[in-house]
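Structure first, commentary second.
Since this is a predicted model, take the numbers as computed values, not measurements. Starting from 1, each residue takes its place in the sequence as its number.
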Amino acid sequence: MMRGVTGRLMLLDTASLYFRAYFGVPESVKAPDGTPVNAVRGLLEFIDRLVRDHRPDHLVACMDADWRPQWRVDLIPSYKAHRVAEEREAGPDEEEVPDTLSPQVPVIEAVLDAVGIARVGVAGYEADDVIGTFTAAAQGPVDIVTGDRDLYQLVDDARGVRVLYPLKGVGSLALTDEAALREKYGVDGSGYADLALLRGDPSDGLPGVPGIGEKTAAKLLAEFGDLAGIMAAVDDPKSKLTPSQRKRLDEARPYVAIAPKVVRVAGDVPLPEVDTALPRAPRDPAELEGLAARWGLGGSLHRLLTTLAV
């Protein structure tokens, strides 16, 4: 899976980052043939900055081989349902993606491959699950770069796992450790998945427990420890739940029983053998030269290659 990974591992939630690059870089950034390449160039510039600022020893671009896995939909049918552009009988549903972004994704993949940055997606799993599995297996510190708060559940100070969350476009990052989570949400990394499950998440189509918002969920977790502790309190007539909280949680038992499997990222994805070491020189210089010329990647690519060579 990961050969000799010691030192700092950086994991990119690639789709989340190229979406941000797409909306953060004007569409007037085009290839010589007039095709927009704002997401491609924006992502390359972002990776350049990440490598310069954080100096990882290993880097993996984690991909969504399946952005809406059937096993999650089977458990909670509303999961990401509002983002489906086209339902398919065979294979995964198609996600709604801006018209001028879709054609840039294969270019991004080809450029990452030619540069030599490890790129990993596994059939039946989201990038989050790939990130969760790499994180579980890592020997050293891990930086997870994502615009998706779901991955806060992996934050773990003891193991040196933190999230770098882009605030505006991809220019400034919020470094999220357990202190930042406790300050903002009242929970640590391991409690974040329970918080998300209770309050729900409209962007992922997760219903949550009706009437239990973020603040109430954080209070319940502070008082009862975790989801199991909260549900044990529902059964304990002496516990300090209000009558309405007890009723709502009791009625939500079917959801609470299945939601953890949907909300928690997998940590046991069958990862391929891959060399995660940060490349010092391009893996395929001739291919990269052709891609740079065809898509007009100019300064963005040159800067990244210069940074990698240092």
Side-chain angles (χ1 to χ4, degrees), residues 1-17 20 46-47 49-64 117-122 125-167 170 172-197 201 204 214 217-218 221-222 225-227 260-272 274-278:
M1 180 188 89
M2 295 191 288
R3 288 194 294 276
V5 174
T6 52
R8 185 170 294 282
L9 169 65
M10 179 174 277
L11 301 169
L12 308 181
D13 181 5
T14 315
S16 142
L17 301 181
R20 285 188 175 238
F46 193 26
I47 295 173
R49 187 164 178 162
L50 286 166
V51 173
R52 261 189 297 133
D53 291 353
H54 300 282
R55 289 284 155 203
D57 303 291
H58 299 265
L59 180 65
V60 185
C62 302
M63 314 296 290
D64 282 319
I117 291 171
R119 189 169 65 79
V120 179
V122 178
Y125 292 97
E126 298 176 55
D128 287 12
D129 301 311
V130 173
I131 289 169
T133 305
F134 270 115
T135 301
Q139 308 283 301
V142 181
D143 285 339
I144 297 164
V145 190
T146 181
D148 181 353
R149 289 195 293 265
D150 293 347
L151 288 163
Y152 285 166
Q153 64 184 275
L154 297 174
V155 169
D156 183 343
D157 287 359
R159 294 191 57 228
V161 180
R162 57 189 190 170
V163 166
L164 306 179
Y165 186 89
L167 290 172
V170 289
S172 59
L173 296 165
L175 197 155
T176 306
D177 56 10
E178 290 193 5
L181 286 181
R182 278 192 290 271
E183 189 181 330
K184 186 156 188 200
Y185 300 103
V187 295
D188 56 15
S190 60
Y192 188 83
D194 287 346
L195 178 84
L197 181 157
D201 186 346
D204 279 345
E214 190 163 281
L221 288 165
D226 58 13
L227 188 63
K261 187 156 193 238
V262 176
V263 174
R264 292 191 181 125
V265 303
D268 57 355
V269 174
L271 297 177
V274 61
D275 181 5
T276 60
L278 193 71

Distance-minimising heavy-atom pair for [X] and [Y]:
X: Leu154; Y: Gly132; answer: CD1-CA, 3.8 Å
X: Leu151; Y: Val163; answer: O-CG2, 3.7 Å
X: Gly267; Y: Ala136; answer: O-CB, 4.2 Å
X: Cys62; Y: Val130; answer: SG-CG1, 3.9 Å
X: Tyr192; Y: Arg149; answer: CE2-O, 3.2 Å
X: Ala118; Y: Asp275; answer: CB-O, 3.5 Å

So do [Y] and [X] actually touch side chain to side chain, heavy atoms under 4.5 Å?
X: Leu227; Y: Pro260; answer: yes
X: Leu50; Y: Leu173; answer: yes
X: Glu178; Y: Val161; answer: no
X: Phe134; Y: Val274; answer: yes

I'd like to know if the side chain of [X] and the backbone of [Y] have a donor-acceptor N/O pair within less than 3.5 Å.
X: Ser16; Y: Gly147; result: yes
X: Asp194; Y: Gly191; result: no
X: Thr176; Y: Leu164; result: no
X: Asp64; Y: Ala127; result: yes
X: Arg159; Y: Ala138; result: yes

Inset, instruction - Please lay out, stage by stage, how Val265 and Asp150 fare under the test side chain to side chain contact (heavy atoms under 4.5 Å, CB included). - result: CA-CA 8 Å; Val265 303; Asp150 293 347; 5.5 Å; no
Quick check for you: to the nearest 0.5 Å, what is the distance between [X] atom [atom1] and [Y] atom [atom2]?
X: Ile47; Y: Leu17; atom1: CD1; atom2: CG; result: 8.0 Å
X: Lys261; Y: Leu197; atom1: NZ; atom2: CG; result: 14.5 Å
X: Asp57; Y: Leu9; atom1: CG; atom2: CG; result: 9.0 Å
X: Ile144; Y: Gln153; atom1: CD1; atom2: CD; result: 9.0 Å
X: Ile131; Y: Met63; atom1: CD1; atom2: CE; result: 11.0 Å
X: Asp143; Y: His58; atom1: CG; atom2: NE2; result: 13.0 Å

Inset, instruction - Going by the side-chain contact (heavy atoms from CB on, under 4.5 Å) test, name the single residue among Leu181, Val263, Val187 that passes it with Leu195. - result: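 The option that passes is Val187.
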Legend entry - Option among Asp156, Leu11, Val155 that satisfies the side-chain contact (heavy atoms from CB on, under 4.5 Å) test with Thr135: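 Of Asp156, Leu11, Val155, side-chain contact (heavy atoms from CB on, under 4.5 Å) with Thr135 is met by Leu11 alone.
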Legend entry - side chain to side chain contact (heavy atoms under 4.5 Å, CB included) assessment of Arg55 paired with Arg8: CA-CA 8 Å; Arg55 289 284 155 203; Arg8 185 170 294 282; over 6 Å; no
Legend entry - Pair Val145-Asp13, side chain to side chain contact (heavy atoms under 4.5 Å, CB included): steps then yes or no: CA-CA 6 Å; Val145 190; Asp13 181 5; over 6 Å; no
Legend entry - Short N-O contact, Arg182 and Asp177, less than 4.0 angstrom: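 Not counted as a salt bridge, because no side-chain N and carboxylate O are separated by less than 4.0 Å.
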Inset, instruction - Fit a plane to each ring of Tyr165 and Tyr152, take the angle between them on a 0 to 90° scale, and name the class: parallel (under 30°), tilted (30 to 60°) or perpendicular (over 60°). - result: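 It falls in the tilted class, 30° to 60°.
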Inset, instruction - Please step through side chain to side chain contact (heavy atoms under 4.5 Å, CB included) for the pair Ile117 and Leu12, ending with a clear verdict. - result: CA-CA 11 Å; Ile117 291 171; Leu12 308 181; 5.5 Å; no
